[in-house]
Amino acid sequence: MDNNFFDFSNRIIQASAEAEKVCSADFEKINEVTEYNQRKVLSSFIKNAVSEADFGASTGYAYGDRGREKLDRIYAAVFGGEDALVRHSFTCGTHTLAVALYGVLRPGDTMLCVTGTPYDTIHGVIGINGKSKGQGTLADLGIEYRQTDLDVNGKPDYEQIASDVRALKPKMVYIQRSRGYSLRPSLSVDEIGKIVSTVKNANDCVVMVDNCYGEFVEKREPLDAGADLMAGSLIKNAGGGIARSGGYIAGKKELIELCSYRMTTPGLGREVGATFGENRNMFMGIFNAPHVVGEALRTAAFAAALFSGFGFSVTPQPGEARHDIIQAVCLEEPEKLIAFCEGMQSGAPVDSFLTPEPWDMPGYDSKVIMAAGAFIMGASIELSADAPLREPFAVWMQGGLNYHSAKAGIMLAAQKMYNKGLIK
Ligand SMILES: *Cc1c(COP(=O)(O)O)cnc(C)c1O
């Protein structure tokens with residue numbers, strides 16, 4: 001391709017062309033899943049007779065907001081649940097997950113996480129680290145937290161899960177689908193299904209999945225594999241890069257009802273909640289989501305092929321099955337992480353002129369450098385990268401609203417490293 005608009009070296013151009021060849025089989029698989037999920041969403045819009053009237057702006061109590069209620073039904077159908085709650089007023093993924101946890105758990109109950117330590121921001125909700133003690137954490141309310149670790153390969157330890165469920169009789173078993181910012185593999189929906197049957201055979205309880213970063217990566221979702229409840233963020237996969245904020249919870253009808261009383265208040269539940277004209281963005285978001293997830297997956301596959309071509313270890317590897325949109329690249333040295341993030345930032349559509357710097361991010365024990373130039377603050381369905389400056393000096397990157405722009409962003413990251421002599 002012509003070297004238009006950017007000063008790419010021949011080395012980077014050739015390596016990128018090579019990487020795209022390596023990815024062609026990945027791209028075909030991604031395309032098939034995208035088409036399937038896009039049809040699933042479209043048919044649900046048609047079945048639910050979405051119309052202009054659903055985009056109206058409600059205010060105040062907003063009783064009977066038709067668009068809000070229809071969107072709940074569409075999410076339920078698309079994600080394989082009996083019911084769902086979708087609101088722009090869920091402030092982020094952590095908040096949405098917390099509403100689901102508080103909705104279901106009661107004092108004296110046990111929550112058992114069977115995929116090792118959960119995502120960092122959930123620690124404060126559960127009260128694992130003590131830092132949020134007294135803020136009304138689950139621990140403050142007398143809800144016990146227990147954990148079954150992953151095995152040495154980062155896979156679910158099915159035998160241990162079964163014996164822990166039998167011994168602890170938890171009210172809820174919690175599963176995190178995505179790798180988050182660890183190097184363990186993400187869970188496939190099949191693996192989640194195997195955990196569900198292992199758990200239910202041991203003792204009946206609610207199985208909840210943190211589905212962040214997982215939506216539309218496969219044809220099936222965790223509820224299709226038997227999970228009872230799942231939640232995620234709308235500024236990741238499910239919002240399609242268009243929803244400006246929000247989250248969703250989907251699953252069994254009686255559990256969604258419980259969550260609705262925590263979302264607003266007992267007695268009112270889902271009947272209130274003004275949408276202020278956000279419905280249009282949220283409908284467009286879920287409509288766009290399978291496509292955008294496909295673009296993000298192609299971006300991740302390209303990055304994996306490009307950087308493994310430069311000799312770095314990457315996970316997932318080219319050709320490996322993907323169950324979330326995250327790509328980790330082990331860059332081995334802090335200067336490489338910094339150059340990567342600087343280069344990626346220089347290719348962002350927003351804030352390209354900023355230079356990212358390592359900083360002491362709250363909740364981390366080492367400095368973190370991030371590259372993000374997004375239309376929606378913090379949206380990680382848009383191309384972005386995070387890297388704690390500690391062994392193994394890995395960068396976790398995700399997102400990409402469209403493949404061609406995101407590919408340029410990745411190439412600029414490689415170019416910056418090349419300019420500094422960090423890629424041979
Ligand atoms: C992003 C994420 C969360 C939390 O979502 P926020 O929107 O950052 O609060 C929870 N779990 C996983 C696996 C995530 O990727």
Side-chain angles (χ1 to χ4, degrees), residues 1 8 12-41 154-155 177-180 182-192 211-221 236-238 240-241 288-331 340 344 347 380-385 394-414 423:
M1 198 198 298
F8 290 125
I12 301 301
I13 292 172
Q14 278 163 14
S16 298
E18 204 49 49
E20 250 175 359
K21 273 189 221 147
V22 170
C23 297
S24 62
D26 292 295
F27 282 12
E28 259 175 57
K29 266 191 274 173
I30 293 165
N31 196 37
E32 193 208 324
V33 174
T34 302
E35 179 154 27
Y36 178 91
N37 284 327
Q38 204 62 69
R39 287 187 185 184
K40 191 197 295 188
V41 171
K155 292 286 189 186
R177 177 175 178 184
S178 168
R179 65 175 60 239
S182 77
L183 290 171
R184 70 128 159 127
S186 52
L187 291 177
S188 70
V189 173
D190 282 347
E191 284 168 316
I192 290 172
N211 203 32
C212 282
Y213 286 135
E215 299 89 354
F216 301 118
V217 172
E218 298 184 45
K219 290 181 182 173
R220 296 194 313 148
E221 298 290 339
K236 294 180 178 173
N237 303 17
N288 211 36
H291 173 74
V292 169
V293 169
E295 298 296 278
L297 287 170
R298 291 206 294 158
T299 304
F302 171 72
L306 183 64
F307 281 87
S308 72
F310 291 138
F312 295 105
S313 95
V314 299
T315 170
Q317 289 173 11
E320 203 177 330
R322 289 175 185 275
H323 313 297
D324 65 17
I325 63 169
I326 298 180
Q327 179 64 47
V329 182
C330 288
L331 292 174
F340 180 100
M344 184 183 278
S380 43
I381 189 62
E382 303 188 44
L383 183 64
S384 49
V395 62
W396 281 265
M397 50 145 292
Q398 64 274 315
L401 290 183
N402 68 71
Y403 171 68
H404 296 100
S405 294
K407 176 188 166 190
I410 306 274
M411 287 175 70
L412 284 165
I423 284 175

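When reading the values below, keep in mind they use all heavy atoms of this one structure, side chains included, and skip hydrogens, waters and symmetry mates.
- At least one side-chain heavy atom of I192 sits less than 4.5 Å from a side-chain heavy atom of R177.
- In terms of modelled atom types and a separation under 3.5 Å, the side chain of D324 and the main chain of S178 share no donor-acceptor contact.
- Remark: E382 engages no residue in a salt bridge (charged side-chain N to carboxylate O under 4.0 Å, His left out) (not counting sequence neighbours).
- Salt-bridge formation is not detected for the pair E221/K40: no Lys NZ or Arg NE/NH1/NH2 atom is positioned less than 4.0 Å from an Asp or Glu carboxylate oxygen.
- For R220, the side-chain contact (heavy atoms from CB on, under 4.5 Å) partners at least two apart in sequence or on another chain are V189, D190, D224, A225.
- Considering all non-hydrogen atoms of both residues, P290 and V41 come closest at CG-CG2, 3.7 Å.
- Legend: residues meeting side-chain hydrogen bond (donor to acceptor under 3.5 Å, both in side chains) with S380, ordered by chain and number and at least two apart, are Y213.
- Residue V33 comes nearest to F216 through the heavy atom pair CG1-O, 3.9 Å, listed as atom of the first residue, atom of the second, then distance.
- Counting all heavy atoms, side chain and backbone alike, G400 lies closest to A406 at CA-CB, 3.8 Å.
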CA sep, side-chain torsions, deciding dist, call: Q398, S384, side-chain hydrogen bond (donor to acceptor under 3.5 Å, both in side chains): CA-CA 6 Å; Q398 64 274 315; S384 49; 2.9 Å; yes

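- The side-chain hydrogen bond (donor to acceptor under 3.5 Å, both in side chains) analysis of residues 21-31, with sequence neighbours excluded, yields no pairs.
- Distance check, rounded to the nearest 0.5 Å: CZ of F27 to OG1 of T34 gives 11.0 Å.
- Side chain of W396 to backbone of L183: no donor-acceptor contact under 3.5 angstrom is found.
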Side-chain donor-acceptor distances from residues 302-316 under 3.5 Å, at least two apart:
from, atom 1, to, atom 2, distance (Å)
S308, OG, A304, O, 3.0
S308, OG, A305, O, 3.4
T315, OG1, R179, NH2, 3.3

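- For H291, there are no side-chain hydrogen bond (donor to acceptor under 3.5 Å, both in side chains) partners at least two apart in sequence or on another chain.
- For the pair S16 and M411, the tightest heavy-atom approach, listed with the atom from each and the gap, is OG-CG, 3.3 Å.
- For A296, the side-chain contact (heavy atoms from CB on, under 4.5 Å) partners are I325, I381, not counting sequence neighbours.
- Residue pairs meeting the salt bridge (Lys or Arg N to Asp or Glu O under 4.0 Å) criterion with at least one member in residues 297-306, sequence neighbours excluded, are E295-R298.
- Residues forming a side-chain hydrogen bond (donor to acceptor under 3.5 Å, both in side chains) with R184 (at least two apart in sequence, or on another chain): none.
- Qualifying side-chain hydrogen bond (donor to acceptor under 3.5 Å, both in side chains) partners for T299, counting only residues two or more places apart in sequence or in other chains: none.
- Among residues two or more places apart in sequence or in another chain, the salt bridge (charged side-chain N to carboxylate O under 4.0 Å, His left out) test is passed with K155 by E191.
- One distance of note links OG of S405 with NZ of K407; it measures 11.0 Å at 0.5 Å rounding.
- In this structure, SG on C212 lies 9.5 Å from CD1 on I326, to the nearest 0.5 angstrom.
- At least one side-chain heavy atom of L383 sits less than 4.5 Å from a side-chain heavy atom of M344.
- Evaluation of the salt bridge (charged side-chain N to carboxylate O under 4.0 Å, His left out) rule for E32 yields K219 as partners, not counting sequence neighbours.
- Closest non-hydrogen pair, S188 versus H323, comes out as CB-CE1, 3.2 Å.
- Heavy-atom minimum distance, V22 versus P318: CG1-CB, 3.9 Å.
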